[in-house]
Number of protein chains: 2
Amino acid sequence: MDEEQGQFEKRSFVEEMGLFFEQSGMPRMAGRVLAWLLLSDPPQQSLDELAEALMASKGSISTTTRLLIQIGLIERISLPGVRHNYFRTRPRAFQHSLKQGVERVAILRKLAERGLELLEGKAPLTRQGLEEMRDMYAFFEREFPLLLERWEQEQEERRSQFVQ
Amino acid sequence: MDEEQGQFEKRSFVEEMGLFFEQSGMPRMAGRVLAWLLLSDPPQQSLDELAEALMASKGSISTTTRLLIQIGLIERISLPGVRHNYFRTRPRAFQHSLKQGVERVAILRKLAERGLELLEGKAPLTRQGLEEMRDMYAFFEREFPLLLERWEQEQEERRSQFVQ
DNA sequence: CAGTATGTTCAGTCTTGACAAAATATACAA
DNA sequence: TTGTATATTTTGTCAAGACTGAACATACTG
């Protein structure tokens, strides 16, 4: 692929990830940084490189990387004899973020339970909405981790195949 | 429970749902309206009732209800001979919203694939992040609907038990 | 230690979008 | 049709927070 064209496509990839993050209630810049790191060759990039590539201030990148580290999507690596710190996407980054999704499910399940306490003694039809909410999220709170385990196992198996 | 105390708890429930929505990138008011409808007895409430209960303008409620209807969490009902429209939470509301979650997973899977096209021919280590992303979301895109089906089936079975 | 490269924090700017209030539109009743 | 109740759309205001740039802090080098 033509390099120039590739640059354009990369920007578009970066920007769409940014929008996705924004829609999910996070800063757009966080999506941009993650996307850029996913595309980077080599996979690790310094703060200055990120700032230049994304046309953002160092301050903004510094804040953003901290956020991304905190939610487990990227990590900082430092090489001996090199002053820079580098950032790269964390292995199993998305697995990690899905695990946090489970916690959000738990929040909703608990909220539903609190709501039901407030409707103690009311007609079943009145309680129906919250009961559905509670049962549904309880189900996923239970089943989701199992699904994740299955995923991890499948990955294990695939890796051991390659070793042979 | 003491009625006054109940009011306080309800406000807190409403507000927390609002915050949850905000964290998820939606207007806080949408969470408030949904929460209020979940608690309401009777379950249907008019635009004016919502505006008064939530101390919000009618315009704000009107916009918000339209959004909530659009994403499938509530529905409008009109009773013959009554000028009001009423709103109430939609049966299976949360099931519906989880289904939309699958679409979001698909977006990420497709994004990952687009990214990988840009890394055609690069070293496996460079591609690793995006490959993980693609495989992971592809897995969930496949498995999630199955989980939803299982949930629906379980619900079916529970309902038919009550009929007997 | 001084000097330089790197990273963080903070104050200020600017944009976005949630919300209120008012104007407009729509539907119904007499 | 006219009047009244209801709902939507629009315009404007305000606040939140993303981002910049600069000041500050830290860590490394010679």
Side-chain angles (χ1 to χ4, degrees), chain A residues 11 14-37 42 44-71 73-88, chain B residues 11 14-37 42 44-71 73-88:
Chain A
R11 302 244 168 258
V14 163
E15 214 46 40
E16 274 183 50
M17 188 79 87
L19 288 173
F20 188 92
F21 267 61
E22 185 166 270
Q23 276 180 12
S24 311
M26 268 173 273
R28 195 182 292 194
M29 189 64 80
R32 291 203 190 101
V33 168
L34 180 67
W36 187 257
L37 286 176
Q44 74 276 157
Q45 298 282 307
S46 73
L47 192 142
D48 275 335
E49 287 169 332
L50 288 171
E52 200 201 327
L54 299 173
M55 293 176 292
S57 71
K58 287 196 305 170
S60 178
I61 300 292
S62 175
T63 311
T64 302
T65 48
R66 193 145 29 84
L67 169 67
L68 285 170
I69 289 170
Q70 204 226 317
I71 63 181
L73 285 176
I74 70 172
E75 62 191 4
R76 183 194 305 269
I77 51 177
S78 45
L79 304 177
V82 179
R83 238 183 247 192
H84 286 293
N85 281 330
Y86 287 98
F87 301 98
R88 72 169 172 209
Chain B
R11 303 242 170 261
V14 162
E15 215 47 40
E16 276 183 50
M17 188 78 88
L19 288 174
F20 187 92
F21 267 61
E22 185 166 89
Q23 276 179 14
S24 311
M26 267 173 274
R28 195 182 289 195
M29 189 65 81
R32 291 203 191 101
V33 167
L34 179 68
W36 187 256
L37 286 175
Q44 72 278 156
Q45 298 282 308
S46 73
L47 191 142
D48 276 334
E49 286 168 333
L50 288 171
E52 200 201 327
L54 299 173
M55 294 175 293
S57 71
K58 287 195 303 168
S60 178
I61 301 292
S62 174
T63 311
T64 302
T65 48
R66 193 145 28 86
L67 169 67
L68 285 171
I69 288 170
Q70 204 227 315
I71 62 180
L73 285 175
I74 70 170
E75 62 190 4
R76 183 196 304 272
I77 51 178
S78 47
L79 305 175
V82 179
R83 237 184 250 191
H84 286 292
N85 280 331
Y86 287 98
F87 301 97
R88 72 169 172 208

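The sequence lines fix the lettering, A, B, ..., with proteins before strands; numbering per chain opens at 1. Here the structure is a predicted model, which means the values were calculated and not measured.
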Touch check for A:M55, heavy atoms < 4.0 angstrom, all strands: base, sugar-phosphate only, or nothing?
-> sugar-phosphate
List for me each residue that meets side-chain hydrogen bond (donor to acceptor under 3.5 Å, both in side chains) alongside A:E16, sequence neighbours excluded, and say none if there are none.
-> B:R114
Given D:dC19, D:dA7, C:dG17, the nucleotide with the shortest approach to the side chain of A:R32 = D:dC19
Would you mind reading off the distance between B:F21 atom CZ and C:dG17 atom P, rounded to a whole angstrom?
-> 18 Å
Return the polar atom pairs (N/O with N/O) between nucleotides 8-12 of chain D and the protein under 3.5 Å, or none.
| unit_1 | atom_1 | unit_2 | atom_2 | d |
| --- | --- | --- | --- | --- |
| D:dT8 | OP1 | B:R76 | NH2 | 3.2 |
| D:dT8 | OP2 | B:S62 | OG | 2.9 |
| D:dT9 | OP2 | B:R66 | NH2 | 3.0 |

Whole angstrom is fine here: how far is it from OH in B:Y86 over to C1' in D:dT6?
-> 12 Å
Is the closest side-chain heavy-atom distance between B:F20 and B:L34 below 4.5 Å?
-> no
Tell me which donor-acceptor pairs under 3.5 Å the side chains of residues 51-64 of chain A have, and how far apart each pair is, sequence neighbours excluded?
| unit_1 | atom_1 | unit_2 | atom_2 | d |
| --- | --- | --- | --- | --- |
| A:S57 | OG | A:S60 | N | 3.1 |
| A:T63 | OG1 | A:G59 | O | 2.9 |
| A:T64 | OG1 | A:S60 | O | 2.7 |

Throw together a table of side-chain donor-acceptor distances under 3.5 angstrom for residues 74-82 of chain B, partners on residues two or more places apart or in other chains.
| unit_1 | atom_1 | unit_2 | atom_2 | d |
| --- | --- | --- | --- | --- |
| B:E75 | OE2 | B:R88 | NE | 2.9 |
| B:E75 | OE2 | B:R88 | NH2 | 3.2 |

Yes or no on side-chain contact (heavy atoms from CB on, under 4.5 Å) for A:M17 and A:R32, after CA distance, side-chain angles and deciding distance?
-> CA-CA 6 Å; A:M17 188 79 87; A:R32 291 203 190 101; over 6 Å; no
Can you tell me how far P of D:dG21 sits from CG of A:D48, to the nearest Å?
-> 14 Å
Could you state the CD-P distance from B:E49 to D:dA5, rounded to the nearest angstrom?
-> 17 Å
B:Q23 has an atom CD; how far is it from atom P of D:dA16, in whole Å?
-> 16 Å
Check: B:L37 and B:L50 side chains under 4.5 Å, non-hydrogen atoms | yes
For B:Q23, enumerate each residue passing the side chain to side chain contact (heavy atoms under 4.5 Å, CB included) test, keeping only those at least two apart in sequence or located in another chain.
-> A:R104
List the atom of B:A30, the atom of B:L68, and the distance in Å for their closest heavy-atom pair.
-> O-CD1, 3.6 Å
Rounded to whole angstrom units, what separation is found between the CZ atom of A:R28 and the P atom of D:dT20?
-> 12 Å
Side-chain atoms of A:P27 come closest, of D:dC19, D:dT6, D:dT20, to D:dC19
List, with names and distances, any nitrogen or oxygen atoms from the protein found under 3.5 Å away from nitrogen or oxygen atoms belonging to nucleotides 24-30 of chain C.
| unit_1 | atom_1 | unit_2 | atom_2 | d |
| --- | --- | --- | --- | --- |
| C:dA29 | O4' | B:R83 | NH2 | 3.3 |

D:dT6 C1' sits how many Å from B:E52 CD, rounded?
-> 16 Å
Nearest-Å distance, CD (B:E22) to P (C:dG17)?
-> 13 Å
Of all heavy-atom pairs linking A:E49 and A:Q45, the shortest is OE1-CA, 3.3 Å
